[in-house]
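Every heavy atom of this structure was used, including side-chain atoms; hydrogens, water molecules and symmetry mates were not.
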Amino acid sequence: MAPRLPARCWRQLSLVERSATHTTTTTASPLLLAGRTTPSFSASSPSTLFPSLLPQITKRGVKYGWSTLPKRSRPTRFNQVTQGLPAPTSGPAAALKRREKTTPVRTGVLAVKKGMTVFMGRTGARIPCTVLQLDRVQVVANKTRAKNGYWAVQVGLGERRAENVGAPQLGYYEAKGIPPKQTLAEFKVRNQDGLLPVGVQLFPDWFHVGQVVDVRGITRGMGFAGGMKRHGFAGQEASHGNSLNHRTIGSVGGSQGSGSRVLPGKKMPGRMGAQQHTVQNLPILMVDNELGIVVVKGAVAGHKGSVVKVQDAVKKAPPPEEFVEATKQLLHERFPDAEEKLQAARKLHLELKEARRQGLIDSLIKNGLTEKADGNAAVQASA
């Protein structure tokens with residue numbers, strides 16, 4: 001129910017109504033002088049009697065910048081231009097620009113965790129370390145900003161038998177002139193300078209001793225675990241009236257204060273492990289191209305034989321520009337004809353694809369040779 005007006009308000013209204021009925025002329029207002037409106041008064045319209053009580057222009061609304069949010073929760077304090085960040089927009093180019101400083105300059109590699117050992121320091125300190133082996137790591141593809149929306153390098157590890165690979169994947173590798181890989185992974189890079197030629201092989205000297213890297217791996221699966229093992233709970237009392245509840249987690253929610261429910265994200269028993277885990281800023285202690293190993297200080301997630309991703313640390317400065325350019329130059333020296341081999345593989349792939357469509361692939365494999373379209377060379381076809 002609306003509140004009742006005081007008696008003094010009613011008296012003022014009655015006085016104004018009486019004066020309006022006996023007065024035939026009014027004083028011109030600024031609006032009248034401007035010629036916008038004509039004077040018209042009525043005792044039944046309170047807006048004409050009290051024009052100052054009602055706003056002439058709406059000033060409260062979302063389109064006027066008015067908000068009911070408190071100042072502490074307004075999002076204007078984030079992504080400020082004064083902090084060196086670009087203006088916050090919804091475009092993909094601005095998103096890549098914001099993530100530029102946290103994206104590595106060059107690609108990473110895939111490695112197999114062989115196990116842990118120790119290094120003895122100069123002072124006799126025992127340094128635990130992990131041995132990672134690079135097994136025929138090759139660049140399989142490049143992702144570009146124009147085609148994929150970001151820059152990345154696809155890297156493959158190991159090899160698989162052709163009979164264990166599906167036909168679409170076989171055609172994918174055939175077009176690149178690369179044998180089927182055991183594992184594929186993408187490594188995002190900052191810009192197009194981090195892309196590499198398809199088919200080149202990355203060796204352990206892609207990193208240098210003393211460099212810090214981030215290693216990502218899948219943790220060992222522990223199965224269904226309780227709260228004490230999974231989250232490190234202290235458990236309950238061993239005695240003093242406690243019976244058969246020594247390792248339980250206890251209460252999981254309140255009655256009235258939390259809404260008589262279990263809050264989302266509550267730490268409870270469940271499956272433990274088998275999740276991706278990143279160990280950051282691990283120093284490299286040893287690099288050996290003959291053995292194909294990279295030795296990093298500390299532990300790495302995963303069991304023996306698991307595949308891990310090794311890339312330059314994102315929270316540290318990137319490797320020196322001289323070292324980055326030297327590694328690129330070394331790749332071009334080791335594989336000078338990588339681009340020519342890629343183009344030849346693509347051309348051969350199209351010829352074999354047409355032969356499969358016409359049903360002539362069996363005869364080509366039986367003969368062992370496929371003549372080029374230009375007739376300049378012959379390529380051995382593997383069965």
Side-chain angles (χ1 to χ4, degrees), residues 1-6 54-55 58-83 85-92 94-99 101-103 113 149-150 185-186 188 214-282 298-303 306-309 311 313-315:
M1 182 177 179
R4 184 172 297 179
L5 290 175
L54 298 177
T58 305
K59 296 185 178 181
R60 299 180 68 181
V62 177
K63 61 181 179 179
Y64 300 104
W66 181 76
S67 176
T68 58
L69 294 176
K71 292 184 178 180
R72 64 178 180 272
S73 62
R74 291 179 181 176
T76 55
R77 58 194 176 119
F78 301 105
N79 295 335
Q80 294 294 331
V81 182
T82 56
Q83 299 296 328
L85 298 175
T89 61
S90 58
L96 290 177
K97 187 66 176 179
R98 285 193 292 267
R99 294 194 295 265
K101 295 183 179 179
T102 57
T103 305
K113 179 180 177 181
Y150 60 96
E186 279 189 9
K188 288 187 176 182
D214 295 341
V215 183
R216 298 190 296 270
I218 305 299
T219 59
R220 294 185 298 112
M222 303 292 182
F224 194 94
M228 294 182 66
K229 180 178 180 180
R230 191 184 185 197
H231 301 292
F233 290 169
Q236 299 191 29
E237 297 290 338
S239 60
H240 294 282
N242 190 1
S243 300
L244 306 180
N245 287 290
H246 307 289
R247 297 183 63 86
T248 58
I249 63 174
S251 175
V252 295
S255 175
Q256 183 178 3
S258 63
S260 300
R261 65 193 179 101
V262 179
L263 294 177
K266 172 63 180 175
K267 295 180 179 179
M268 301 179 71
R271 287 192 176 183
M272 181 179 177
Q275 295 179 347
Q276 181 173 284
H277 182 71
T278 304
V279 183
Q280 296 181 330
N281 304 332
L282 294 179
V300 171
H303 57 82
S306 62
V307 178
V308 298
K309 304 176 184 178
Q311 196 171 14
V314 298
K315 293 185 178 180

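Within the 4.5 Å cutoff, side-chain heavy atoms of I249 are placed close to those of P269. At least one side-chain heavy atom of R216 sits under 4.5 Å from a side-chain heavy atom of Q311. Residues Y150 and R99 form no side-chain contact, since every pair of their non-hydrogen atoms from C-beta on lies 4.5 Å or further apart.
Of the listed residues (R230, R271, M272), just one forms a side-chain contact (heavy atoms from CB on, under 4.5 Å) with M222, and that residue is M272.
A distance-only check finds no donor-acceptor pair linking the side chain of T219 to the backbone of G302 [under 3.5 Å]. R247 contributes no side-chain N or O that, together with a main-chain N or O of G235, makes up a donor-acceptor pair within less than 3.5 Å. In this structure, the side chain of K113 engages the main chain of V300 through a donor-acceptor pair within 3.5 Å.
Annotation: K266, atom NZ; neighbour count of heavy atoms from other residues, nucleotides and ligands within 6.0 Å is above 12.
Scanning for ring-ring contact (aromatic ring centres under 6.0 Å, His included) contacts around H231 gives F233, with sequence neighbours left out.
Pairing each heavy atom of H246 with each of N242, the nearest pair is CE1-O, 3.6 Å. Nearest heavy-atom pair, M228 versus A234, reported as atom, atom and distance to 0.1 Å: CE-O, 3.8 Å.
Taking NZ of K315 as the reference point, atom OG1 of T102 lies at 10.5 Å (rounded to 0.5 Å). Of the inter-residue distances, the one linking E186 atom CD with K309 atom NZ reads 9.0 Å to the nearest 0.5 angstrom.
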Evaluate side chain to side chain contact (heavy atoms under 4.5 Å, CB included) for N281 paired with D214, printing each intermediate quantity in order.
CA-CA 6 Å; N281 304 332; D214 295 341; 4.0 Å; yes
